[in-house]
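A, B, ... follow the sequence lines: proteins, then strands. Residue 1 opens every chain.
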Amino acid sequence: MIKAIRGTRDLLPPETALWNFVESTAREVFRTYNFQEIRTPIIEELQLFQRSVGEETDIVSKEMFSWEDRPSLKREAYEVKSPEGTIVGPAPAEARAETKTPAGSTQRTYLALRPENTAGVVRAYIEHKLWDRPGVQKLYYIGPQFRRERPQKGRYRQFYQIGAEAIGPPTAGSESPLRDAEVLEMLATLLDRLGIKNWTLELNSVGCANDRASYDAALRQALEPVKARMCADCQRRAVTNPLRVFDCKVPEDQPIIEKLPRISQYLDEPCRQHFSAVQEVLKAVGVPFMLNDRLVRGLDYYTRTAFEFTHGALGAQNAILGGGRYDGLSEALGGPQAPGIGFAIGEDRVVLALQETAGQLAKPADVYIAPLGAGMNREAARLARELRQAGIVVDLGDESFRLKKSLETASKLGARFALIVGENEVQGGTFALKHLGTGQQQSVPRSELAGRIQSGEQK
RNA sequence: GUGGGAGUAGCUCAACUGGCAGAGCACCGGACUGUGGCUCCGGACGUUGUGGGUUCGAUUCCCAUCUCCCACCCCA
């Protein structure tokens, strides 16, 4: 049996109703903040992620699905054709190998499945010169992302993110702390609207490039004399990425970590002011948050505001969404100055957090039409068409079914009404409409059926 | 990538020291030819995750492998 590959899964009904709920709620909320949808390709050039997310990050260095693109080739050699000329499949490997561009073609292109979507959005921003449009670009996306990690609950190789970016020239106000606060307030609103209880917003500022450099040096210096006493992971981090020492959960290391310098002490004046302005707006609009100066993010492009919304009951993967500001990203990708702030929601994790409250979302049919006896399928189909045009959700049986079976099926499917279409009904022009909740049945003229079904619960 | 646990019917789970692979729910049909939910009767349910090995005989023991779960790591 062929199965879904590791870390991927099929989303089936009724759970898909929950996914639709999450996505449509997000769209509605984003709409009220004037964000608009962008869709970028799932495949991008590998370079894009190396230059944005960062070559040394785990995501890029060991978690990406990437490959070398095929060199230019002769199409025919790659395809096996049937006698009629239709393509039936790829050519055998030997045939393909022969047609690979020989020496001379030094153009090697490496492609990757996107591990996140901010890079793609910023790439599109630059490629389509979106800075020429008025104001700050406020864009959101919903879609699959790919990381080759070991799967676990709330962590899949193909996972789904709902994210948004507010990006634009500084003159449009893209750098304003109000953008940060607006995005955070939007997220609080979204989580509330989704019915997610007990979320926590953790907030930090990781400073700008200058702050980071001096802080990094200070941190390395402070770690030097103490790292020998720390856990193996921390000793490694102290060299490779000192910031990550703050992620350490080993109890023995905590007293040491407590005494390390904090980024907050190294923020320059503009960063400091920016951060406190963000907090002031958050307080003004009543969004609760916790400062966490140990919050560091694993993508190189983050600057200044960094945040995470967490939720208990998600196990080790307790981050439901994360994001931050990325003021230098556009330039790093060869674009103009375009500060921005964005986030990505782990849709899989939101769905997980909502799982208990899921049941009620499935919407069964309003009416199940039971054609009864030879020739009744035609009549049933005509009626179904009429009712559906009135916006009613209709399911159809088959004239070969015994009435008992039809009613049983209707009731199992959760339909509110069963509509019997038999010889008697068609001749008399009135149809037996049975409310499956109460068991009450009435004879209803054709013209009144839609109205009767729509008036719903009343019997 | 590292460590640990688990894989048996669609689902939830049984099967003693190695001896015919089972139950409940769900599904299908009948009792009941145009009236569901209740009841009764019947049916289909499976290469016991996969591949090897030991054995007269393996769901059970051994090896390998795959997948999921938990933790680490990392992140959403």
Side-chain angles (χ1 to χ4, degrees), chain A residues 1-9 12 53 57-63 114-118 142-163 187 231-234 236-237 240-241 244 247-250 295-299 302 306-311 314-324 342-353 368 370-374 376 397 399-425 431-441:
Chain A
M1 186 177 40
I2 299 175
K3 295 192 281 195
I5 62 175
R6 181 175 207 195
T8 69
R9 63 221 174 108
L12 306 172
V53 176
T57 59
D58 282 12
I59 293 175
V60 169
S61 65
K62 49 190 199 202
E63 295 172 2
R114 63 186 186 195
E116 57 96 53
N117 217 332
T118 299
I142 298 176
Q145 318 292 336
F146 304 83
R147 290 182 201 172
R148 201 193 166 89
E149 296 181 90
R150 183 131 160 198
Q152 193 173 323
K153 194 182 211 69
R155 194 173 80 181
Y156 308 95
R157 289 183 167 194
Q158 175 174 339
F159 60 104
Y160 296 83
Q161 288 190 334
I162 301 175
L187 285 165
C231 68
D233 281 333
C234 281
R236 180 179 47 79
R237 292 176 182 126
T240 59
N241 194 348
R244 300 231 70 91
D247 281 344
C248 179
K249 281 145 197 140
V250 177
L295 176 71
V296 290
R297 317 234 79 246
L299 289 75
Y302 284 116
F307 57 88
E308 208 167 270
F309 282 71
T310 57
H311 181 74
L314 281 183
Q317 319 302 326
N318 69 341
I320 209 164
L321 72 90
F343 60 85
I345 303 171
E347 190 176 1
D348 306 76
R349 294 180 186 175
V350 169
V351 168
L352 215 52
Y368 181 94
L372 190 63
M376 290 301 118
E399 62 187 25
S400 68
F401 293 171
R402 289 181 13 206
L403 185 57
K404 179 184 168 65
K405 172 173 170 167
S406 288
L407 289 172
E408 202 174 309
T409 304
S411 143
K412 274 178 194 164
L413 291 175
R416 274 185 303 129
F417 290 98
L419 178 61
I420 299 166
V421 179
E423 208 72 50
N424 305 343
E425 282 78 8
F431 294 82
L433 183 66
K434 178 162 193 168
H435 190 277
L436 291 165
T438 63
Q440 286 188 25
Q441 181 171 326

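Separating the C1' atom of B:rC75 from that of B:rG5 is a span of 24 Å, rounded to the nearest Å. Rounded to the nearest Å, the gap between the P atom of B:rC27 and that of B:rC20 is 32 Å. The separation of B:rG46 from B:rU8, taken at their C1' atoms, amounts to 8 Å, rounded to a whole angstrom. A distance of about 29 Å separates the C1' atoms of B:rU55 and B:rU67, rounded to the whole Å. With both ends at atom C1', the span from B:rG19 to B:rA58 equals 10 Å, rounded to whole Å. Taking the C1' atom of each, B:rC66 and B:rC25 are spaced 30 Å apart, rounded to whole Å. A distance of about 8 Å separates the C1' atoms of B:rG1 and B:rC73, rounded to the whole Å. For the P atoms, the distance linking B:rA21 with B:rA6 amounts to 24 Å, nearest Å.
Base pairing annotation: B:rC72 forms a Watson-Crick or G-U wobble pair with B:rG1, both donor-acceptor distances under 3.5 Å. The nucleotide B:rC20 finds no pairing partner, because no Watson-Crick or G-U wobble arrangement with both distances shorter than 3.5 Å includes it. Base pairing analysis places B:rG43 opposite B:rC27; the two distances defining the Watson-Crick or G-U wobble pair are each below 3.5 Å. Pairing for B:rU59 is absent, with no Watson-Crick or G-U wobble pair whose two atom distances lie under 3.5 Å.
Proximity of A:R6 to the phosphate of B:rU67: a side-chain N or O atom is located under 4.0 Å from OP1 or OP2. Between B:rA71 and A:Q152, a contact under 4.0 Å exists linking OP1 or OP2 to a side-chain N or O. Of the side-chain N and O atoms in A:K153, none sit less than 4.0 angstrom from OP1 or OP2 of B:rC75. Look at A:R416 and you won't find any side-chain N or O under 4.0 angstrom from OP1 or OP2 of B:rG36. Note on A:R148: every side-chain N or O is 4.0 Å or more away from OP1 and OP2 of B:rG1.
Between A:L372 and A:E63, the residue anchored closer to the 5' end of RNA chain B is A:L372, taking for each the nucleotide with the nearest heavy atom. Comparing A:Q161 and A:E425 by the nucleotide of RNA chain B whose heavy atom lies nearest to each, the residue mapping closer to the 5' end is A:E425.
Atom CZ in A:F401 sits roughly 13 Å away from atom C1' in B:rG29 (whole-Å rounding). Between the CD1 atom of A:I5 and the P atom of B:rC66 there is a distance of 14 Å, rounded to whole Å. Spacing between atom CZ of A:R155 and atom C1' of B:rU2 amounts to 12 Å, rounded to whole angstrom units. Across the protein-nucleic acid pair, A:I345 atom CD1 and B:rC75 atom P stand 19 Å apart, rounded to whole Å. Residue A:I2 contributes atom CD1, which lies 15 Å from atom P of B:rU67 at whole-angstrom precision. In this structure, A:L407 atom CG and B:rG34 atom P are separated by 10 Å, rounded to whole Å. Taking atom NZ of residue A:K62 and atom P of nucleotide B:rU2, one finds them 12 Å apart after rounding to whole Å.
A donor-acceptor contact under 3.5 Å links the side chain of A:K434 to the base of B:rG36. Side-chain to base pairing of A:R150 with B:rC72: no donor and acceptor N or O lie closer than 3.5 Å to each other.
When heavy atoms are screened at a 4.0 angstrom cut-off, A:A344 is found touching the sugar-phosphate backbone but no base atom. Nucleic acid contact class of A:I162 (heavy atoms, under 4.0 Å, all strands): none. Residue A:E423 is classed as a base contact, given a heavy-atom separation below 4.0 Å to a base. The residue A:G439 sits close to a base: some heavy atom pair falls under 4.0 Å. Within the nucleic acid shown, A:K404 comes within 4.0 Å of at least one base atom, counting heavy atoms only. Within the nucleic acid shown, A:G323 has no heavy atom closer than 4.0 Å to any nucleic acid atom. A:G7 comes within contact range of the sugar-phosphate backbone alone, with a heavy-atom separation under 4.0 Å but no base atom that close. At the heavy-atom level, A:E408 lies under 4.0 Å from the strands shown only through sugar-phosphate atoms. As judged by a 4.0 angstrom heavy-atom cut-off over every strand, A:K405 is placed among residues touching the sugar-phosphate backbone only.
A donor-acceptor pair under 3.5 Å is absent between the side-chain atoms of A:R150 and the main chain of A:G7, judged by distance alone. Between the A:D348 side chain and the A:Y160 main chain, a donor and an acceptor come within less than 3.5 Å of each other. Here the side chain of A:R349 pairs no donor or acceptor atom with the backbone of A:L321 at under 3.5 angstrom. Of the possible polar contacts, none joining the A:E63 side chain to the A:R147 backbone as a donor-acceptor pair under 3.5 Å is found.
Checking B:rG34, B:rG49, B:rC73 against the side-chain heavy atoms of A:D58 singles out B:rC73 as nearest. Which of B:rC68, B:rC75, B:rU35 sits closest to the side chain of A:A319 comes down to B:rC75.
For the pair A:I5 and A:R157, the minimum side-chain heavy-atom distance is 4.5 Å or more. The shortest side-chain heavy-atom distance between A:F431 and A:V421 falls under the 4.5 Å cut-off.
A:P144 approaches A:Q158 most closely through the heavy-atom pair CB-NE2, 3.6 Å. Counting all heavy atoms, side chain and backbone alike, A:G439 lies closest to A:K434 at O-CE, 3.5 Å.
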